[in-house]
Amino acid sequence: MIRSNNRPWLKLVAGGAVLGLALTACGDDGDDGDSDNGAGSDETSSSTEEAALTNSECGGNASSADAFYAGGILPLTGSLAFLGPPEIAGVGLAVSDINAAGGVNGVDACHNILDSGDANDLSVARQSARELVGKKPSVVVGAASSSVSLGFVDTLTEAQITQISPANTAAELSGYSDYYFRTAPEDSVQGSALGSLIAQDGHQKIAFLVFNDAYGTGLRDFIQASYEGAGGQVVYGGKGEGQEFPPGQTTFSSEVTSALATNPDAIVILAFDETGAIVPELAAQGWDMSKIYMTDGNTSDWSEDFDPGTLEGAKGTIPGADASDDFKTRVSDWSAEFEGAPLDDYSYAAESYDATILAALAAAKGGSNESTVVQENLLAVSGASGGTDCASYEECLALLEDGEEIAYQGPSGIGPLNENHDPSSAFIGIYQYSNENKPELVDSVEGVS
């Protein structure tokens, strides 16, 4: 559901942020990690007044027995590769901050990020999951795609390894297993926000162009329920109509023609890379491009793909609060120093950071870096049972060492994790495209799952 605040559901909290794309891969400057027994070498750069940034990759023989081992299964390749850099940087910065505060249970933290690929080839993520199981990590952060997580979550659960996704939103994963958690809100929050937004924009009939994927169809169902609840009508691509297209499709002439034949007032595109072919087809068939709506899978920087003005006025949603300028500076600095390029897209950076910090705090509370201990204490350190608010690993750790219960409040702005291991509350950013085909944050919605 979406909380009321003056207007039926909108709550203005921030504005003016612009997202973009930056593709990089994870690496450690000068150290491949294969010969280390522990957390690997730390490399520093002068970055902030708080602490110098460090990059600690897990050595080849490291495990949760001698380090707080943060594994990652994140998109280095595939249709969601644009989410890789901010998520990797979020994990890397968290590990840096953890070590600056003295580590976890007397040892350093380290990270090991492996590729998730995408849902078109689940063998990539499954191989990464098997590799990490052999390392006995404290936590695995990932995947970005709900469909990809569904492809390996059972492997981690059977091995009793805690998984925290910074970006999964599929309702199917809510309460999926004792070892699965997420710091992104499930689809009902984003779906309710977007459905309400479309209705409030005055559109009475909408068409969906949606791929047949757990992410796409699940989110479609929530948008449709919210929109129809506000009195709107779905005229194409709705639930049960069988009009979805397969992931990876490259031409959309017939789908666009069929959708436009129903005379919609607006079109919702639920896709990943396929968006790059759908948008030009809509433009070619004369659609008013300002009446396009998208979600986190495709609300990204399209300035290099489309002619200026193609998406001007179109809107999209991305889960997550607009993080502070300080956090954005630090996570971008980490990426520039250790990944070779600063960030211009911060999608799920804060959620990745918070996933790693929460796991480290759970290990500290339980007195062990084993993943079963992280699992047992994760809800507690998120504030599920109350506790003293704290906003950093260092601050929260000091409270734990004093015997206090804590409620970690990180840059993602999520509420405590609930019994389904989902954020109890979260923000959804509302973006509008500029003439340069870049999404700009204009509003945020606070939703409750």
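In this text the structure is predicted, and so the values were computed from the model without any measurement. The residues of the chain are indexed from 1 along the displayed sequence.
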**OP:** Grab the two heavy atoms, one from Ile164 and one from Ala359, that are nearest each other, plus how far apart they are.
**Re:** CD1-CB, 4.1 Å
**OP:** Report yes if the side chains of Phe208 and Val234 come closer than 4.5 Å at any heavy-atom pair, otherwise no.
**Re:** yes
Original post:
Is Ser226 reaching over with its side chain to a backbone N or O of Phe222, donor-acceptor style, under 3.5 angstrom?
Top reply: no
Original post:
Between the main-chain N or O of Val373 and the side-chain N or O of Asn377, is there a donor-acceptor pair closer than 3.5 Å?
Top reply: yes
**OP:** Determine the minimum heavy-atom distance between Trp302 and Asn298, stating which atoms define it.
**Re:** NE1-O, 2.9 Å
Original post:
About how many Å separate SG of Cys58 and CG of Asp66, when rounded to the nearest 0.5 Å?
Top reply: 9.0 Å
Original post:
Mind checking whether Pro319 and Val189 have side chains closer than 4.5 Å, heavy atoms only?
Top reply: no
**OP:** Give, for atom CG of Asp187 and atom CG of Asp296, the distance between the pair rounded to the nearest 0.5 Å.
**Re:** 8.0 Å
Original post:
For Ala109 and Asn99, which heavy atoms make the closest approach, and how far apart are they?
Top reply: N-OD1, 2.6 Å
Subject >> Under 3.5 Å donor-acceptor, Ser96 side chain and Gly92 backbone >> reply: no
Original post:
How long is the gap from CZ on Phe272 to CZ on Phe82, to the nearest 0.5 Å?
Top reply: 8.0 Å
Original post:
If only atom types and distance count, is the side chain of Ser444 paired as donor or acceptor with the main-chain N or O of Gly429 below 3.5 Å?
Top reply: no
Original post:
Are any of the side-chain heavy atoms of Ser382 and Tyr408 separated by less than 4.5 Å?
Top reply: no
Original post:
Would Lys315 count as a cation-pi partner of Tyr293, with NZ or CZ less than 6.0 Å from the six-membered ring centre and within 45° of the ring normal?
Top reply: no
**OP:** Compute the ring centroids of Phe245 and Phe252, then answer whether they are less than 6.0 Å apart.
**Re:** yes
**OP:** State, with a plain yes or no, whether a side-chain heavy atom of Asn55 is found less than 4.5 Å away from one of Glu337.
**Re:** no
Original post:
Where do Asp326 and Ser324 land on the side chain to side chain donor-acceptor pair (under 3.5 Å) test, with the steps shown first?
Top reply: CA-CA 5 Å; Asp326 177 67; Ser324 69; 4.9 Å; no
Original post:
Does the pair Asp345/Lys438 count as a salt bridge with the N-to-O cut at 4.0 Å?
Top reply: no
Original post:
Distance from Ser371 atom OG to Tyr179 atom OH, nearest 0.5 Å?
Top reply: 7.0 Å
**OP:** Going by the side chain to side chain contact (heavy atoms under 4.5 Å, CB included) test, name the single residue among Pro166, Ser347, Ser165 that passes it with Glu87.
**Re:** Pro166
**OP:** For side chain to side chain contact (heavy atoms under 4.5 Å, CB included), just list the numbers for Val268 and Met294, CA-CA rounded to whole Å, side-chain angles, deciding distance to a tenth of an Å, and then say yes or no.
**Re:** CA-CA 6 Å; Val268 182; Met294 298 187 288; over 6 Å; no
**OP:** Please confirm whether the backbone N or O of Pro185 pairs with a side-chain atom of Asp422, one donor and one acceptor, at under 3.5 Å?
**Re:** no
**OP:** State, without any angle test, whether Ser392 and Glu394 hold a side-chain donor-acceptor pair at a distance under 3.5 Å.
**Re:** no
Original post:
Are the side chain of Tyr215 and the backbone N or O of Thr169 linked by a donor-acceptor pair below 3.5 Å?
Top reply: no
Original post:
Is the shortest heavy-atom distance from the side chain of Ile88 to the side chain of Leu76 under 4.5 Å?
Top reply: yes
Original post:
Taking the six-membered ring for Trp, are the ring centroids of Phe327 and Tyr346 within less than 6.0 Å of each other?
Top reply: no
Original post:
Roughly how far apart are Leu358 CG and Thr183 OG1, rounded to 0.5 Å?
Top reply: 7.5 Å
Subject >> Over all atoms of both residues, closest heavy-atom pair of Leu378 and Leu417 >> reply: CG-CD1, 4.3 Å
Original post:
Under 3.5 Å, side chain of Ser352 to main-chain N/O of Tyr348, donor-acceptor pair present?
Top reply: yes
Original post:
Does His421 offer a backbone N or O that forms a donor-acceptor pair with the side chain of Asn418 under 3.5 Å?
Top reply: yes
**OP:** Using the side chain to side chain contact (heavy atoms under 4.5 Å, CB included) rule, take Thr356 and Val95 through it: C-alpha gap first, then chi angles, then the decisive distance, then the call.
**Re:** CA-CA 7 Å; Thr356 310; Val95 168; 4.2 Å; yes
Original post:
Would you say Gln163's side chain and Gly142's backbone share a donor-acceptor pair under 3.5 angstrom?
Top reply: yes
Subject >> Glu255 and Gln243: side chain donor to acceptor below 3.5 Å >> reply: no
Original post:
Just by distance, do the side chain of Ser64 and the backbone of Lys136 share a donor-acceptor pair under 3.5 Å?
Top reply: yes
**OP:** May I ask you to check whether Asn369 and Ser138 show a side-chain donor-acceptor distance below 3.5 Å?
**Re:** no
**OP:** Run the salt-bridge test on Arg220 and Glu244 with the 4.0 Å N-O cut-off and return the result as yes or no.
**Re:** yes
Original post:
Given the rule in the side chain to side chain contact (heavy atoms under 4.5 Å, CB included) test, do Val148 and Leu122 qualify, once you have shown the distances and angles that lead to the verdict?
Top reply: CA-CA 6 Å; Val148 171; Leu122 290 174; 4.1 Å; yes
Subject >> Heavy-atom closest pair, residues Asn420 and Ser174 >> reply: CB-OG, 3.4 Å
**OP:** Identify the heavy atoms of Ile223 and Thr295 that sit nearest to each other, and give their distance.
**Re:** CD1-CG2, 4.3 Å
Original post:
Are Leu173 and Arg182 side-chain neighbours, meaning at least one heavy-atom pair lies under 4.5 Å?
Top reply: yes
Original post:
Do Leu270 and Leu209 have side-chain heavy atoms sitting under 4.5 Å apart?
Top reply: no
Original post:
Under a 4.5 Å cut-off applied to non-hydrogen side-chain atoms, are Asn112 and Pro137 in contact?
Top reply: no
Original post:
Which distance, rounded to the nearest 0.5 Å, do you find between the CG of Leu74 and the CG of Asp115?
Top reply: 9.0 Å
**OP:** Given side chain to side chain contact (heavy atoms under 4.5 Å, CB included), test Thr299 with Thr317 step by step and report yes or no.
**Re:** CA-CA 7 Å; Thr299 301; Thr317 52; 5.6 Å; no
**OP:** Compute whether any side-chain donor of one residue and acceptor of the other, for Glu351 and Ser412, lie under 3.5 angstrom apart.
**Re:** no
Original post:
Is a side-chain donor-acceptor pair under 3.5 Å present for Asp154 with Tyr176?
Top reply: yes
